[in-house]
Each structure stands twice: as structure tokens, then as C-alpha cells.
Amino acid sequence: MNKRTLYSVIAIIIVLGVYAYEHFLGEEEKAEIVSEGQTTKTDTNEYFLPTSTTGQIVHHEGYSLSYNEEHEQSEWVAYELKKSHLSNTNHKRPYFEIDKSVKTGAANWRNYKKSGYDRGHLCPAGDRRYSKSAHDETFLTSNISPQEHQFNAGLWNTLEQKIRYWARKYDGVFVVTGGVLKGNMKTIGDEDVSVPNQFYKVLIDNNTGKTKMIAFLIPHTDSDRPLYEFVVSVDEIEALTGVDFFPALEDSIETKLEASNSYQDWDFY
DNA sequence: CTGCTGAAC
DNA sequence: GTTCAGCAG
């Protein structure tokens with residue numbers, strides 16, 4: 001077997017493996033729900049929106065964002081990933097477009113061209129495959145941040161897949177994600193799009209009886225270290241970003257959950 | 001799944 | 001500018 005054939009075989013195994021894996025988990029969780037008589041969670045999209053430090057919040061069909069004009073990217077993108085959103089439908093990858101609903105002018109995709117950095121999705125295309133319009137909407141320049149390819153396709157991708165697993169297992173999670181727009185950052189393109197040195201994701205789930213949160217703060221470099229080593233408290237990310245993540249939560253619950261860096265309620269299998 | 005690039009129309 | 005094909009982890 002030559003090298004090219006070997007790579008092809010490996011690629012096919014990865015694709016089939018991801019499909020079979022997610023499909024298997026889907027069946028497993030369906031069975032679990034039937035046996036436990038679990039009910040479907042209600043829509044919590046508006047309820048869990050974070051605060052904006054820039055005053056420019058934009059709502060799209062499949063996600064909301066807060067745009068930071070100085071750094072030419074969103075400080076956060078927020079969306080609910082429902083279990084019903086998970087889909088194996090394949091959509092052709094469209095071209096990135098400038099988000100016209102950002103009044104100060106969202107970045108041009110040309111800033112990323114030949115920059116050496118990926119246009120890294122904040123709301124992953126893989127989380128919006130339930131319809132073509134929702135999928136294509138993730139290819140707006142307000143939904144991307146410059147990411148090293150090794151990071152984006154590596155640890156960050158692993159986290160995105162873990163979140164899909166949790167969405168399936170816990171019947172949906174609410175996700176907030178972005179780069180930490182702070183300190184000395186490289187810039188790319190004519191518009192000087194900042195390259196974050198860290199990225200974060202904050203998740204909340206209030207479906208399974210008790211509300212739970214988890215937050216990740218990850219240096220912008222690929223790593224072989226396990227994801228749980230990057231778990232921090234929500235408070236830590238709030239201190240870094242100036243964003244208040246779940247202001248609508250009852251204060252005593254918010255205070256307690258956001259101070260914790262425990263991940264015992266989240267299955268890392 | 002996560003992506004970039006070159007060539008042709 | 002758009003599309004297609006190929007490439008890589």
C-alpha cells in the first residue's frame with residue numbers, strides 16, 4: 001500500500017468513525033430518555049445571553065454575538081445547541097461573507113487570506129447542520145476569529161465535538177465562546193484583526209434537574225493535554241473579559257456556580 | 001470533523 | 001468572482 005492510499009484509508013476511517021460514534025451515542029441516549037421518561041427542555045436562548053462590553057449585540061437566526069470593532073471580531077458568540085439540532089446532513093461549504101448587520105462594519109474575509117491563520121468558527125458549522133440557512137449563516141465574518149490551524153483542527157475541534165456529545169447526553173446545552181481580546185496580540189490583514197492569545201467556552205445546562213456550568217480557558221496553541229485540564233471557573237473568564245455571563249440567573253445560584261471550577265457534573269468519558 | 005490552496009471557467 | 005479538485009490532521 002502506498003502512502004497516498006494509506007492516507008485515504010485513514011481519512012475514511014476518521015469520517016466513518018466520527019459518524020458511527022455520534023450515531024451510536026445518539027441511539028444510546030434515545031434509549032436512556034425513553035427509560036427515564038425525561039422531558040424536553042424549553043427554549044432558553046434569550047435567557048442566557050451574556051452582557052456586552054461594546055454595546056453592539058447582533059441577533060442572527062442561529063446565534064447571537066457581541067462585536068468588538070477595535071479587534072474586528074466578536075467578543076462572544078452565543079447559541080443554544082439543542083439535541084434536535086444535531087444532524088448528519090452535509091452542506092456544501094459556502095464562501096465567507098461580511099456580516100452586514102454589524103453596524104460598525106464587520107471584518108473583510110480578505111484579512112485572513114494568506115495570513116497563515118484559519119478562519120476559525122466561533123459557532124461551529126458542525127453545530128448548525130440542521131438547515132442550510134443556519135449552516136451558511138455561520139460563514140459570516142462576525143463569527144470567525146484567527147486561529148492556528150493546528151489548534152483549530154486539534155484541541156479546539158476536540159472540545160467542539162465534546163460539546164456535541166454533551167448536547168446529546170444532557171438534551172441540549174447553551175454555549176458562549178470567543179477569544180480573549182486583551183493584552184498584546186498579533187494582528188492580520190489591512191484591518192488589523194487581532195489574534196487572541198487565549199480562547200474560551202462557557203457552557204450552561206439547566207435541564208437535568210440542577211443547573212450546571214463548565215468553562216474552558218485554552219491557550220492559542222494545540223496541545224495533547226486532556227480537556228479537563230483547561231477547566232476554570234466562570235468567574236475567571238469574567239475577570240479576563242469583563243463579560244457577565246449569566247446575569248439573569250438567580251443571584252445565589254449564579255454566584256455559587258460561577259465560582260466553581262469543578263467538572264464533576266460533566267461526563268468526560 | 002476542522003480547514004487552505006491552485007487552477008480553470 | 002465562482003467552482004472544482006486536491007490536500008492535511
Side-chain angles (χ1 to χ4, degrees), chain A residues 1-26 62-63 73-74 77 79 81 83 85-98 100 107-132 134-169 173 175 177-179 186 188-189 193 195-196 198-201 216 218-227 230 268-269:
Chain A
M1 191 183 288
N2 65 32
K3 212 171 181 181
R4 179 172 170 174
T5 309
L6 179 63
Y7 285 150
S8 301
V9 169
I10 290 171
I12 290 166
I13 288 171
I14 289 171
V15 169
L16 291 179
V18 166
Y19 177 85
Y21 181 63
E22 297 195 348
H23 188 69
F24 169 75
L25 289 173
Y63 59 92
Q73 63 199 278
S74 293
V77 165
Y79 59 98
L81 181 57
K83 189 171 180 173
H85 287 154
L86 298 167
S87 162
N88 290 317
T89 310
N90 269 320
H91 302 286
K92 187 179 167 186
R93 194 176 238 263
Y95 288 88
F96 281 93
E97 288 181 15
I98 299 170
K100 288 172 183 159
N108 193 301
W109 54 268
R110 287 189 178 84
N111 290 295
Y112 290 74
K113 197 169 185 181
K114 302 255 180 173
S115 70
Y117 289 90
D118 278 10
R119 301 136 157 143
H121 280 79
L122 295 175
C123 175
D127 285 2
R128 304 283 89 153
R129 291 202 294 177
Y130 54 88
S131 80
K132 177 163 172 44
H135 171 265
D136 288 359
E137 192 183 55
T138 68
F139 287 77
L140 292 172
T141 56
S142 53
N143 186 44
I144 57 174
S145 188
Q147 291 184 328
E148 290 180 11
H149 183 68
Q150 298 293 339
F151 172 78
N152 187 24
L155 186 60
W156 192 247
N157 186 22
T158 304
L159 176 54
E160 290 175 341
Q161 292 188 40
K162 185 78 74 184
I163 290 170
R164 284 190 273 275
Y165 164 75
W166 284 330
R168 194 171 282 105
K169 185 177 181 68
V173 291
V175 186
T177 186
K186 290 185 209 169
I188 59 169
V193 179
V195 181
Q198 296 163 294
F199 287 90
Y200 68 86
K201 280 184 187 283
F216 296 85
I218 310 185
H220 188 182
T221 314
D222 193 29
S223 169
D224 291 327
R225 307 185 77 81
L227 277 170
F230 299 95
F268 279 85
Y269 60 86

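So that the names make sense, note that chain A is the first sequence line, chain B the second, and so on, each numbered from 1. Keep in mind that the numbers below use all heavy atoms, side chains included, and drop hydrogens, waters and symmetry copies.
- Across all strands, A:K113 comes closer than 4.0 Å to no nucleic acid atom at all (heavy-atom distances).
- Rounding to whole angstrom units, NE2 of residue A:H135 and C1' of B:dG3 are separated by 12 Å.
- With contacts defined as side-chain heavy-atom distances shorter than 4.5 Å, the pair A:Y79/A:R128 qualifies.
- A:R128 comes within 4.0 angstrom of no nucleic acid atom, judged by non-hydrogen atoms across all strands.
- Between the C1' atom of B:dC4 and the CD1 atom of A:I188 lies a distance of 13 Å, rounded to the nearest Å.
- OP1 or OP2 of B:dG3 has not a single side-chain nitrogen or oxygen of A:R119 nearer than 4.0 Å.
- Atom CD in A:E97 sits roughly 13 Å away from atom P in C:dG1 (whole-Å rounding).
- Between A:H220 and A:F199, the two ring planes are perpendicular [angle over 60°; tilted spans 30° to 60°].
- Applying the 4.0 Å criterion to OP1 and OP2 of B:dC1, one finds that A:R129 has a side-chain N or O inside that range.
- Note: CD (A:Q161) to C1' (B:dT2) measures 8 Å, nearest angstrom.
- The residue A:G120 sits close only to the backbone: its heavy atoms come under 4.0 Å of sugar-phosphate atoms, none of a base.
- Put simply, CG on A:L122 is 14 Å from C1' on B:dT2, counting in whole angstrom units.
- For A:E148 and B:dC4, the CD to P distance is 14 Å, given to the nearest whole Å.
- Residues A:D118 and A:I144 fail the side-chain proximity criterion, which asks for heavy atoms closer than 4.5 Å.
- In this structure, A:Y117 atom OH and B:dG3 atom C1' are separated by 16 Å, rounded to whole Å.
- Side-chain nitrogen and oxygen atoms of A:H121 include at least one within less than 4.0 Å of the OP1 or OP2 phosphate oxygen of B:dG3.
- Here C:dG1 is the nucleotide among C:dG1, C:dG9, B:dG3 with the atom lying nearest to any side-chain atom of A:R110.
- Residue A:Q147 is out of contact with every strand shown, counting any heavy-atom pair closer than 4.0 Å.
- Residue A:K92 is the one, among A:K92 and A:N157, whose nearest nucleotide of DNA chain C lies closer to the 5' end (criterion: closest heavy atom).
- A perpendicular orientation is assigned to the rings of A:H121 and A:F139, their planes being inclined by more than 60° (bins at 30° and 60°).
- In this structure, CZ of A:R93 is placed 15 Å from C1' of C:dG6, rounded to the nearest angstrom.
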